[in-house]
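Below, each value reflects all heavy atoms present in this structure, side chains not excepted, and no hydrogens, waters or symmetry copies. Numbers for residues simply follow the sequence, beginning at 1.
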Amino acid sequence: MSGTGILRCPVLIPLRCATQIAGETFTVILAAYLLVARRGRLLTVCAGGLCLLAAAPSRVAAQQTNPVERKVENPITDTPNVNPLSREQPPILPRRTNKTGDKKAGAALQATDVLDVRADKNTVTGTEKAHVFLYEGNVDARVGIYRLQADKVTVYEATNKVLAEGNVVFDQGEFQRITGTRAEWNYGTKLGFFENTTGFTNQTQDGTILYFTADHVEKVSGNRIVIINGVITACDEEKPKWSFKAKRATITMNDRVRIKSPTFRVKGVPVAYLPYASISIKPRDRASGFLTPTFGGSGRKGLRLSNAYYLTLGRSADLTVRNDIFTSRGVGLGADLRTRANSRSYFNMGFYTVKDRIFGAKKSDKNPDQGGSSFYVDGVHYFPNGFLAAADINITSNLAFRQVFSDSIQQAISPEERSQVFVNKNFGDYSFNFLARTQVTSIPNVRIRMRQLPSISLDKRPSQLSFFEKLPLYFSFEGSLDGVSRKETVEDFSSFHADGNANPVLTPSIVQRLDFHPTFTLPFSVGGWGVTASAGVRGTFYSNSLDPATRFVLPRNVVRGYGELSLDLRPPALARNFRRNGAFWFRHVIEPYFTYRKISGISNFERIIRFDTADTVADTNEIEYGVANRFFTRRSTESVTGKASAKKSADMPPLTRQPYEFLSITIRQKYFFDPRFGGALIPGRRNQFYPLNTFSGFTYGGVPRRFSPLNVEARLRQIQKSNRELFAEVRMDLDALGNGGGLRDLVVSFGLKRKVPRVRLLEVFQTFYYTRAVTLAPSLRQFSDRRGNEPGTLQGSQWSPSFFLGNRDRGLFGGASFFFDFQNRPGKGSSSLVSSTNTIGYAWDCCAVTAQHTTFNVGLRQEKQTIFSFRLNGIGTFGTEKYGQRF
């Protein structure tokens, strides 16, 4: 071993482990070698032998039949050894008498134990109550659910013993089959033995059948057999890709296969010794046990070794305790609890903590301690009285811990962490809600924590007022009582002030907020025009307010009140049908709309503390206009396969044909009569409030303006077919006034899933977004930020493509996913790659192997990982699959 010192002493350590399949556990005692370097440091632990695999045969046709088929013609059909052309013989019912004086044994024989034998030829010898029946030629003997077939069968009436010879096939219903060259079986006790056997047991939870071959098999009870000098596998071929060979094994139907001192073999070659193995073949029950140890490289964290123990807690709960060892960093410990109250209600919770800098470089300024802990709760419960409770809690001790030790790139780069508990009750038109929420947002130089605890709201959905008989007037309201807070933590005050901020906002632990918002809505139609008028008022009380000059929080009440009016006009839609070769092709529908909106009365916008969207409403006087182009085709509601969609319209009943929107293109814009929104917009800084954020999340409120950017949105959905799914979406903002001009931002998403004859499956997904730092026109340069751009606009470009080819259950498969940041370029040199995951694998009929290479280069995380997994059908997956990290 190079680079780590001379190997001093290998120590053999029994290691108990298991793997879980759909709640089941496979338990194994592995022989593991602990390699100790010269200085006593832990180098590696290698679970013996389960790291190797064999190449698949070059052609499927070269595979041999399964072990049972090597003994009989067809092990699956109901009559594998009976000639269907031979004349049926009348049933011969031997008398069921036991040895003289054995009254207990005779009493144990039930009426269902009558032996029914059919054969080409039979002879009877012996005395009364001690007959010997000899059957020859396609012998088929049945008693209850048991069936014995052979070339020759001898029945000894006195002892209930059956001696079978030549092509013996023994079936116990559909659960188990044993074949051999010779068998001795007692049809009274249902016990016996078989020689030179093959067979199979009942299916495991994933549908796999376990085959076995042995020199000798003893049936010791109604549901248990003992295998002597046997081989157990799930591979359906003469020389299995993998197998366990042992001197003794016990199979208990619908329970477990227990193997003593097996050797794990690949293509018949022994590669590992296991002191003990236990394979679950239970249909539903779960079992406690150690999960399979996993290991792999973790870059700067060194080798990662993970162990876990799975504990069942009754039928509706389980607990998984796990630990990770990072040989260059430290030790991690975690636990996951899962419970389920009924088919819809569940509750999960867990934690994970890492003690850093135990191994490797000690804590220093160059090597900081980045350990920490995380806690999560995820649950939903439906109460009988109609209440609904939901919890989604994620708490991390620090951002560095999440970036370094999280296995998810999305978690590592996400600037937001949210925890909330929600209780809801709907009754009639009303809805009662309770919310407790904490949200932490980490942006460059600032960490913002906002909290709602408690938040109680009562809402009324729109309902028609009964005292207006002929007027369709609807009434609704929203009312809430909240305890809210906001705390901003700044790292560099000089940069904070340079961005136009005065001071960070630090509120008391609870700021009282009382809000009431009633609304009246009147929809009607005039000459084909759809008109919806809406009017309402809103009043909000705050126990604290902001000083507009210093941004300090003052213990001074403030009341915000405003009225709102909106008028939505929908002209008649224009439609035209397009035909091809005389048949309907598609329909194009044009739907224009106009919306007038006025909000007035907010004179203290700068004094309101911003907690959520309810506090970011400003005065406005605007009109929004746009046009939607929709393209429809027809599809069958009974079948949407390719063949069904190709049927002629005349062949399908009218009720099965429905319009299907496969393409929509919407263009919209706003005109502001008040470009300063009642004084809420401050030129020269980023402004983001309602109604600036109604149809675009990208800011454009850095300067006063009459026209908003032109918003374009296009969506494409292909008619679903049996072998193909396709969707695409494009969103962009174009600056119509020429303040910098051209494209401001662009978001493109695309997805394709298609079954291809050769590769069987093709999946392609990608998202791309681009934003531009807008340079203002010369007349507006006075409002530019310190970078010379429109405030709030930043240059950015990110791309996340991914693809997958093949079938994970059969043949070669693989894929890759990437995340690029073309603007920040966090990689070494000019590389824009933030993370990547490359996967390749091959699946056979009884096993599969997968290799995966992952890279991280974001924030505090610069590392590479190479992991693998080896799946044995019916047993589980060995390798480096993770144990449910949630953070």
Side-chain angles (χ1 to χ4, degrees), residues 437-455 480-517 537-564 599-620 674-693 699 701-704 782-786 790-792:
R437 179 173 61 182
T438 299
Q439 178 177 312
V440 178
T441 305
S442 300
I443 57 178
N445 198 39
V446 183
R447 185 173 183 265
I448 305 172
R449 190 195 71 184
M450 286 182 285
R451 183 173 62 192
Q452 285 182 262
L453 182 64
S455 174
S480 65
L481 175 63
D482 306 309
V484 291
S485 69
R486 175 177 180 138
K487 298 185 184 298
E488 298 178 358
T489 303
V490 179
E491 297 178 1
D492 185 358
F493 276 91
S494 59
S495 299
F496 186 75
H497 296 318
D499 289 334
N501 302 299
N503 292 289
V505 177
L506 297 173
T507 70
S509 298
I510 292 183
V511 174
Q512 302 171 50
R513 183 177 68 179
L514 177 62
D515 182 72
F516 186 66
H517 183 201
V537 295
R538 188 168 195 168
T540 310
F541 166 83
Y542 300 87
S543 63
N544 295 79
S545 59
L546 286 176
D547 184 338
T550 64
R551 304 290 290 174
F552 286 133
V553 177
L554 305 176
R556 184 180 304 169
N557 298 343
V558 62
V559 176
R560 180 194 65 175
Y562 64 85
E564 58 181 337
I599 298 177
S600 181
I602 305 176
S603 59
N604 51 5
F605 183 82
E606 70 282 357
R607 297 180 58 195
I608 305 301
I609 307 173
R610 317 287 173 82
F611 300 106
D612 53 33
T613 56
D615 310 309
T616 59
V617 180
D619 281 355
T620 186
D674 180 7
R676 293 182 179 266
F677 300 92
L681 188 143
I682 302 176
R685 59 172 294 179
R686 182 178 185 271
N687 296 274
Q688 189 76 331
F689 49 75
Y690 182 86
L692 288 177
N693 57 358
T699 180
V703 295
Q782 57 180 321
F783 302 126
S784 298
D785 60 12
R786 58 192 178 97
E790 179 181 347

Pro444 vs Glu491 side-chain heavy atoms within contact, under 4.5 Å: no
Close side-chain approach of Leu681 and Pro704, heavy atoms under 4.5 Å: yes
Backbone N/O of Met450 and side chain of Gln439: donor-acceptor pair under 3.5 Å: no
Spatial distance of atom CG (Leu514) from atom OH (Tyr542) [nearest 0.5 Å]: 10.5 Å
Minimum-distance pair of heavy atoms, taken over all atoms of Arg551 and Ala502: CG-CB, 3.7 Å
Nearest-0.5 Å distance, CG of residue Leu506 to CZ of residue Arg449: 10.0 Å
Nearest non-hydrogen partners of Arg447 and Ser442, listed with the distance: CG-OG, 3.9 Å
Distance-minimising heavy-atom pair for Glu790 and Gly701: OE2-N, 4.2 Å
Whether over 12 other heavy atoms sit under 6.0 Å from Gln512 CD: no
Distance, nearest 0.5 Å, that separates CZ of Phe516 from CG of Leu481: 13.5 Å
Heavy-atom closest contact (Val558 atom, Asn544 atom, distance): CG1-O, 3.8 Å
Sub-4.5 Å side-chain heavy-atom contact between Val617 and Ile602: yes
Partner of Asp615 under side-chain hydrogen bond (donor to acceptor under 3.5 Å, both in side chains), chosen from Arg560, Arg610, Arg486, Arg513: Arg513
Side-chain heavy-atom pair Tyr690, Ile599 within 4.5 angstrom cut-off: yes
Beyond-backbone contact of Pro683 with Arg676, side-chain heavy atoms, under 4.5 angstrom: yes
Distance flag, aromatic centroids of Phe677 and Phe689, threshold under 6.0 Å: yes
Donor-acceptor contact present, side-chain Asp492 to main-chain Asn445, <3.5 Å: no
Atom pair CD/CD1 of Glu488 and Ile448 - distance to nearest 0.5 Å: 5.0 Å
Donor-acceptor pair between Arg556 and Ser545 side chains, under 3.5 angstrom: no
Nearest-0.5 Å distance that lies between atom NE2 in His517 and atom OH in Tyr562: 5.0 Å
Under 3.5 Å side-chain donor-acceptor pair for Asp619 and Ser600: no
Sidechain-backbone polar pair: Lys487 side chain, Thr507 backbone, donor-acceptor under 3.5 Å: yes
Test item: Asp547 side-chain N/O and Phe552 main-chain N/O as donor-acceptor pair under 3.5 Å: no
Close side-chain approach of Leu546 and Leu554, heavy atoms under 4.5 Å: no
Trace of the side chain to side chain contact (heavy atoms under 4.5 Å, CB included) decision for Glu606 with Ile682: CA-CA 10 Å; Glu606 70 282 357; Ile682 302 176; over 6 Å; no
Thr699 side chain reached by Leu692 side chain, heavy atoms, under 4.5 Å: no
Value rounded to 0.5 Å, distance of NE2 in His497 from CG in Asn503: 6.0 Å
Contact summary for Arg607 and Asn557, nearest pair of heavy atoms: NH2-O, 3.9 Å
Atom of Ile510, atom of Gly483 and distance for their closest heavy-atom approach: CG2-CA, 3.8 Å
